[in-house]
Participant: 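Quick one: the structure is below, questions incoming.
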Amino acid sequence: MKGMVVMANNVNRVALIGTGLVGSSYAFALLNQGVTEELVLIDLNKEKSEGDAMDLNHGLAFAPNPTKIWFGSYDDCASADIVVLCAGANQKPGETRLDLVAKNLKIFKTIVTDVMNSGFNGIFIVATNPVDILSYAVWKYSGLPQNRVIGSGTILDTARFRYLLGEHFDVDTRNVHAYIIGEHGDTELPVWSHADIGGIPILESFNGEIDKLDEIFVNVRDAAYDIINRKGATYYGIAMGLVRLTKAILNNENSILTVSSYLDGEYGANNVYIGVPAIVNREGIKRVIELNLNEEEKNKFQHSVTVLKETMSPFFQG
């Protein structure tokens, strides 16, 4: 079922569907880091996306690598290595990610059908919320193997977690090793049992400061709400996370990232997409990393799985 994806052309092509705040931020970060040779923008708002393509092309003189950027159509997905889905309804103040399910499922069915009709045979990256449920939907709608549909999952939550821990201990964020897993949303959980800095378990460093641990996690979990209340949306952080994921795929890195992955028995769960550490390379998801969780973490993770499945059940059977 799994296997190396045969690339359709001799250059890397990324097709971005949805050039709103997240999509355009992703395109900008992608260009800045010189990740792909080709980037096609696809959106119902033709004028806005054409403007984005023009604007991005005007920055090519300052980019690290040449990139061909244009406004295109679903036909351009036929030769794409990765299709990144950023389209859909946005999360509004006071609205949870799970509130978005019905309207975004309808949008995604149309989009995925159009992409697959082009002859696309690459990897989907799903960024739109609720990302775990929409990743499951893309797998169902596309007919692709599970390993070739990847949701952004808790990649951003993990980054927020590492940032706040690094800030607390005055250590470079990149040297903090800690994961947020579960639903990208209110039922996510920190894996304190496997969090460390320089090989020293973080739980030892807090010396019983349970209140401080809880405060850091709550700030991670509620970060999106805090940002949305201040500026209306979050997009820079997730855009950087999507670029990191894109690089891991195109460069065949075998990097471990906390992405929304299909579980088939791992963590005692099945038939669900949810945020867990996974090895990512040119195949997509090579393998899910199954952490040895403590009892409290196991219970919280199962609760997260249950919430996702209950939310999905009116839309998907079996």
Side-chain angles (χ1 to χ4, degrees), residues 2 123-127 130-133 135-136 139 145-166 173-185 187-203 216-217 220-221 223 237-238 240-305 307-308:
K2 293 187 179 183
I123 293 169
F124 275 108
I125 294 178
V126 184
V131 68
D132 303 294
I133 294 173
S135 297
Y136 185 92
W139 167 56
Q146 298 104 323
N147 62 297
R148 284 163 53 193
V149 176
I150 310 174
S152 55
T154 49
I155 197 170
L156 177 57
D157 310 274
T158 292
R160 289 165 172 160
F161 194 35
R162 293 171 60 195
Y163 165 73
L164 289 175
L165 287 169
T173 299
R174 294 169 296 180
N175 295 126
V176 177
H177 304 285
Y179 299 119
I180 298 289
I181 64 173
E183 173 214 350
H184 174 53
T187 65
E188 66 188 32
L189 62 136
V191 187
W192 288 114
S193 63
H194 289 276
D196 73 81
I197 296 176
I200 300 173
I202 287 175
L203 284 177
I216 287 174
F217 169 61
V220 170
R221 185 194 64 200
I238 186 58
M240 293 287 283
L242 292 171
V243 171
R244 179 69 193 89
L245 180 51
T246 302
K247 288 171 69 175
I249 295 169
L250 294 180
N251 296 334
N252 198 32
E253 290 182 2
N254 288 314
S255 290
I256 297 174
L257 300 168
T258 46
V259 290
S260 191
S261 312
Y262 183 85
L263 298 189
D264 187 17
E266 299 91 347
Y267 295 94
N270 59 73
N271 198 35
V272 67
Y273 269 82
I274 196 166
V276 289
I279 299 173
V280 178
N281 64 11
R282 200 95 197 201
E283 298 175 15
I285 293 175
K286 180 181 180 182
R287 180 165 59 90
V288 167
I289 302 294
E290 193 165 4
L291 300 172
N292 184 19
L293 305 178
N294 63 33
E295 284 305 310
E296 181 182 3
E297 291 163 349
K298 286 179 183 177
N299 291 335
K300 288 181 177 179
F301 187 81
Q302 288 305 318
H303 172 64
S304 195
V305 169
V307 168
L308 283 172

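Side-chain atoms are counted along with the backbone in the values below, which use heavy atoms only and exclude waters and symmetry mates.
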Participant: Measuring from S304:OG to L189:CG, what's the distance to the nearest 0.5 Å?
Facilitator: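 Nearest 0.5 Å value for the OG-CG distance: 6.5 Å.
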
Participant: Are R282 and L250 close enough that some pair of their side-chain heavy atoms sits under 4.5 Å apart?
Facilitator: yes

Participant: Shortest non-hydrogen contact from R162 to V176?
Facilitator: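 Answer, listing the atom of R162 first, then V176: NE-O, 2.9 Å.
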
Participant: Would you say I150 and L257 make side-chain contact, with heavy atoms under 4.5 Å?
Facilitator: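 In short, these two side chains do not touch, never coming nearer than 4.5 Å.
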
Participant: Per the ring pair (Phe, Tyr, Trp, His ring centres under 6.0 Å) rule, what does the pair list look like for residues 277-298, sequence neighbours excluded?
Facilitator: none

Participant: Please give me the minimum heavy-atom distance between E188 and E183, naming the atom from each residue.
Facilitator: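 Between these two residues, the closest heavy atoms are CB-O, 3.0 Å.
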
Participant: I need the minimum non-hydrogen distance between E283 and N147, along with the two atoms involved.
Facilitator: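 Residues E283 and N147, closest heavy atoms: O-ND2, 3.0 Å.
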
Participant: Would you please test F161 and T154 for side-chain contact (heavy atoms from CB on, under 4.5 Å) and show each step?
Facilitator: CA-CA 10 Å; F161 194 35; T154 49; over 6 Å; no

Participant: Hey, is the main chain of N281 close enough, under 3.5 Å, to the side chain of N254 for a donor-acceptor pair?
Facilitator: no

Participant: So, the side chain of E297 versus the backbone of S193: is there a donor-acceptor pair under 3.5 Å, distance only?
Facilitator: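 Checked: pair present.
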
Participant: State whether the side chain of T158 and the backbone N or O of I180 hold a donor-acceptor pair below 3.5 Å, judged by distance alone.
Facilitator: yes

Participant: Would you say the side chains of H184 and D132 form a donor-acceptor pair under 3.5 Å?
Facilitator: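 No, because no side-chain N or O of H184 sits under 3.5 Å from a partner of the opposite role on D132.
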
Participant: Partners of F124 by ring-ring contact (aromatic ring centres under 6.0 Å, His included), sequence neighbours excluded?
Facilitator: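 F124 satisfies ring-ring contact (aromatic ring centres under 6.0 Å, His included) with F120 only.
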
Participant: Please answer whether the main-chain N or O of Q146 pairs with a side-chain N or O of Y273 as donor and acceptor at a distance below 3.5 Å.
Facilitator: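 Side chain of Y273 to backbone of Q146: a pair is present.
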
Participant: Looking at every non-hydrogen atom in both residues, tell me the closest pair between F301 and G275 and how far apart they are.
Facilitator: CE1-O, 4.2 Å

Participant: So how far is it from K286 NZ to N252 CG, rounded to the nearest 0.5 Å?
Facilitator: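 The CG atom of N252 is 8.5 Å from NZ of K286, to the nearest 0.5 Å.
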
Participant: In Å, rounded to the nearest 0.5 Å, how long is the span from CE of M240 to CD1 of I155?
Facilitator: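 Interatomic distance, M240 CE to I155 CD1, rounded to 0.5 Å: 11.0 Å.
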
Participant: About how many Å separate OG1 of T246 and CD1 of I125, when rounded to the nearest 0.5 Å?
Facilitator: 4.0 Å

Participant: Determine whether a donor-acceptor pair (N or O, by modelled atom type, separation under 3.5 Å) exists between the side chain of E290 and the backbone of Y267.
Facilitator: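 Yes; judged by distance alone, with no hydrogens or angles, the pair exists.
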
Participant: Minimum heavy-atom separation for N270 to G265, with atom names?
Facilitator: CB-N, 4.0 Å

Participant: Within the 4.5 Å heavy-atom criterion, are I289 and V276 side-chain neighbours or not?
Facilitator: no

Participant: Hey, is K298 close enough to E295 for a salt bridge, meaning N to O under 4.0 Å?
Facilitator: yes

Participant: What is the minimum heavy-atom distance between G153 and V131, and which atoms define it?
Facilitator: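 Distance-wise, the nearest heavy atoms are N-CG1, 3.9 Å.
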
Participant: Rounded to the nearest 0.5 Å, what separation is found between the CD1 atom of I274 and the OG1 atom of T258?
Facilitator: 12.0 Å

Participant: One pair to check against side-chain contact (heavy atoms from CB on, under 4.5 Å): V126 and S260. What are the steps and the verdict?
Facilitator: CA-CA 9 Å; V126 184; S260 191; over 6 Å; no

Participant: Aromatic rings Y262 and W139: how do their planes relate, parallel, tilted or perpendicular, breaks at 30° and 60°?
Facilitator: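 Tilted: the ring planes of Y262 and W139 meet at 30° to 60°.
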
Participant: Any side-chain heavy atom of S152 within less than 4.5 Å of one from I238?
Facilitator: yes

Participant: Is there a side-chain contact between H194 and N292, using heavy atoms and a 4.5 Å cut-off?
Facilitator: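 Yes, side chains in contact.
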
Participant: As an exercise, state the distance from CG of D157 to CZ of F217, rounded to the nearest 0.5 Å.
Facilitator: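 With rounding to 0.5 Å, CG (D157) is 8.5 Å from CZ (F217).
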
Participant: Could you tell me whether E253 and R244 have a side-chain N and a carboxylate O separated by less than 4.0 Å?
Facilitator: yes

Participant: Passes side-chain contact (heavy atoms from CB on, under 4.5 Å), W192 versus I202? Steps please.
Facilitator: CA-CA 7 Å; W192 288 114; I202 287 175; 3.9 Å; yes

Participant: Please confirm whether the backbone N or O of V259 pairs with a side-chain atom of S261, one donor and one acceptor, at under 3.5 Å?
Facilitator: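 Such a contact is found between S261 side chain and V259 backbone.
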
Participant: Taking K300's backbone N and O only, do any of them form a donor-acceptor pair with Q302's side chain (distance below 3.5 Å, no angle check)?
Facilitator: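 No; judged by distance alone, with no hydrogens or angles, the pair does not exist.
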
